[in-house]
Amino acid sequence: MTDCRFTREQRLLNAADFQRVFDKTKLKVSTRELLILGAANDLGHSRIGFIIAKKNIRTAVHRNRIKRIIRNFFRVHCSEFDTADLIIMARRGLDQRSNSEINRMFSDLWYKLVRQSSSR
RNA sequence: AGAGUUGGCCAGGCAGUCGCUGGUCGUAUUCGCGAGAAUACGGCGGGAGGAAAGUCCGGGCUCCAUAGGGUAGAGUGCCAGGUAACGCCUGGGGGGCGAAAGCCUACGGAAAGUGCCGCAGAAAAUAUACCGCCAGCUUGCUGGUAAGGGUGAAAAGGUGCGGUAAGAGCGCACCGCGCGGGUGGUAACACACCGUGGCAGGGUAAACCCCACUCGGAGCAAGACCAAAUAGGAAUCCAUUUGUGCGACCCGCGCAGGAUUCGGGUAGGUUGCUUGAGGCGUAUGGUGACGUACGGCCUAGAUGAAUGACUGUCCACGACAGAACCCGGCUUAUCGGCCAGCUCUCUUU
């Protein structure tokens, strides 16, 4: 999985997928403005889903921007990780951060997650 | 050149790397007798806005019943036109602001009825008389007044002359107002036009209300199709006393009954889904909104939701902000830049 693509199979698509992650959360890393939940799957690849509440991130432009940046990071780095389903949750204040700040923040969380996963 | 004002246009550019999405072409694999379909990979070109926003109006489209009559309710409110329609737009009229260009205007009815109107003031609408003024006499009372003063946002027209005890539309002239007519205008309305009446009776209708006109309801999570689970119904035809259900309510309409037939439809998927009251150009009618004719154009269609990220570079250093069925408006947010018309001021020739 060294090619850097991002297809429909790599996304959490329905409510049942999301619920499964919430019920079987094994991985959890966070900062003040971001939270990642993870649960192992047996599909042979990772999947990602977003929960970005309108209450926390008020304008659609910022919600789109956050999703695009994180999705792009996931696309490039997904091969570094075991197969799992991840949910990215945005908290209040994230829309105040610039693109590079979000990239750095997510990168820190990502490697924390990789360590947590491999130590298991 | 500066100040103002109105209308229109643009919304960082370029290059590279890595992606996403739908279209099309090609190749491969699978399915199919076949037309073709699905999946994967590759090539090519497409991929947010002026407000995509708020959801405040209007319409298309879909379903409810074929959307019909009445009541209730809601909306609109100077006139004429435009439009699919509108609460929008255009032109005109009245009123207000400005030196002007121009801007603002919820602008029907207070003589159908009801309600409300603080303080001050004698009195806020049936009128009335605090200080005055005048007359009379018993010198502080009676009568006559509303010119003057005072209160107030507002005191039952204004100015002048006559008149009178003092005054007063009491009389007259002009201004204002009402009514009737005339003229101009499709009309709202206007008039330094004519006649007539001494003269309307406060404000508030974005208070109830009255008058005129308009409006059936719900929305793409509408609706249609495929279909695990689960439950026993569903569709068509016939009948319509009674029972029951339905939209804000009524008139009204549907369902239950009998017969025939067999599928039904939650998760999920497919569709609706972008060619449309579309945009561009030319000609033409119109003051204009806009209409008509001809030519050629196709310009996002996602669905846990694409349209991006990173790097370099240039400059004016980039605001507000992301389509979700589709259009027409309105409103609100917005870094800046460009173009055109008009008004005023200054300088120069």
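Throughout, a chain's letter reflects where its sequence line sits, starting with A, and its residues are numbered from 1. Keep in mind that the numbers below use all heavy atoms, side chains included, and drop hydrogens, waters and symmetry copies.
- B/C215 is paired with B/G73 under the criterion used here, namely a Watson-Crick or G-U wobble arrangement in which both key atom distances are under 3.5 Å.
- Residues A/Leu34 and A/Arg91 share a closest heavy-atom pair of O-NH1, 4.1 Å.
- Base-pair partner of B/C174: B/G158 (Watson-Crick or G-U wobble, both distances under 3.5 Å).
- Applying the 90° cutoff around 0 to the glycosidic angle, B/U241 is assigned anti.
- Only the P atoms considered, B/C78 is 12 Å distant from B/A206, to the nearest whole Å.
- The pairing partner recorded for B/G4 is B/C342, the criterion being a Watson-Crick or G-U wobble arrangement whose two distances lie under 3.5 angstrom.
- Taken from CG in A/Asn103 to OG in A/Ser98, the straight-line distance is 9.0 Å, to the nearest 0.5 Å.
- Protein atom CG of A/Asn103 is 13 Å distant from nucleotide atom C1' of B/U311, rounded to whole Å.
- Using P as the reference atom, B/U282 and B/G184 are 44 Å apart when rounded to the nearest Å.
- Regarding A/Leu86, its CG atom lies at a distance of 18 Å from the P atom of B/G304, rounded to whole Å.
- Of all the heavy atoms in A/Asn56 and A/Ala90, the pair that sits closest is ND2-O, 3.3 Å.
- Base pairing analysis places B/C335 opposite nothing; no Watson-Crick or G-U wobble pair with both distances below 3.5 Å involves it.
- The same atom, C1', is picked in B/C297 and in B/U275; the two are 12 Å apart, to the nearest Å.
- Within the 3.5 Å criterion, the main-chain N or O of A/Ile57 finds a donor-acceptor partner in the side chain of A/Arg63.
- In this structure B/A100 sits in no base pair that meets the Watson-Crick or G-U test at under 3.5 Å.
- In this structure B/A80 sits in a base pair with B/U90, meeting the Watson-Crick or G-U test at under 3.5 Å.
- In this structure B/G121 sits in the anti conformation; its chi angle is more than 90° from 0.
- A syn base is found at B/U299: its glycosidic angle is within 90° of 0.
- In this structure, the CZ atom of A/Arg63 is 12 Å from the P atom of B/A321, given to the nearest Å.
- Rounded to whole Å, the P atom of B/U186 lies 32 Å from the corresponding atom of B/U76.
- Whole-Å rounding puts the A/Arg65 CZ to B/A306 C1' distance at 18 Å.
- In this structure, the CD1 atom of A/Ile102 is 10 Å from the P atom of B/C310, given to the nearest Å.
- When each of A/Lys67 and A/Thr59 is assigned the nucleotide of RNA chain B with its nearest heavy atom, A/Lys67 is the one assigned upstream, toward the 5' end.
- Figure legend. B/U275 is base-paired to no nucleotide; pairs are counted as Watson-Crick or G-U wobble with both atom distances under 3.5 Å.
- The separation between A/Ile66 atom CD1 and B/G308 atom P is 16 Å, rounded to whole Å.
- Atoms CZ (A/Phe73) and C1' (B/G308) sit 17 Å apart, rounded to a whole Å.
- Comparing A/His62 and A/Asn99, the nucleotide of RNA chain B nearest to each residue sits closer to the 5' end for A/Asn99.
- Using a 90° window around 0 for the glycosidic torsion, B/U128 falls outside it and is classed as anti.
- Note that CD1 of A/Ile70 is 7.5 Å distant from CD1 of A/Ile36, once rounded to the nearest 0.5 Å.
- Here the shortest heavy-atom pairing between A/Ile102 and A/Leu94 reads CD1-O, 4.1 Å.
- Residue A/Arg104 contributes atom CZ, which lies 14 Å from atom C1' of B/C310 at whole-angstrom precision.
- With P as the reference atom, B/G185 and B/A173 are 34 Å apart, rounded to whole Å.
- In a base pair of the Watson-Crick type (N1 to N3 plus N6-O4 or O6-N4) or a G-U wobble (N1-O2 and O6-N3), with each distance short of 3.5 Å, B/A227 is matched with no nucleotide.
- Taking CD1 of A/Ile52 as the start and NE2 of A/His62 as the end, the distance is 12.0 Å to the nearest 0.5 Å.
- Comparing the P positions of B/C220 and B/U261 gives a spacing of 42 Å, expressed to the nearest Å.
- Under 3.5 Å, the side chain of A/Arg68 and the base of B/G322 form at least one donor-acceptor pair of N or O atoms.
- Distance noted for atom P between B/A277 and B/C237: 36 Å (whole Å).
- For the P atoms, the distance from B/C199 to B/C170 is 7 Å, rounded to whole Å.
- For a distance-only test at 3.5 Å, the side chain of A/Asn72 fails to qualify as a donor-acceptor partner of the base of B/G19.
- In textbook terms, a nucleotide whose glycosidic angle is within 90° of 0 is syn, while B/A190, being further out, is anti.
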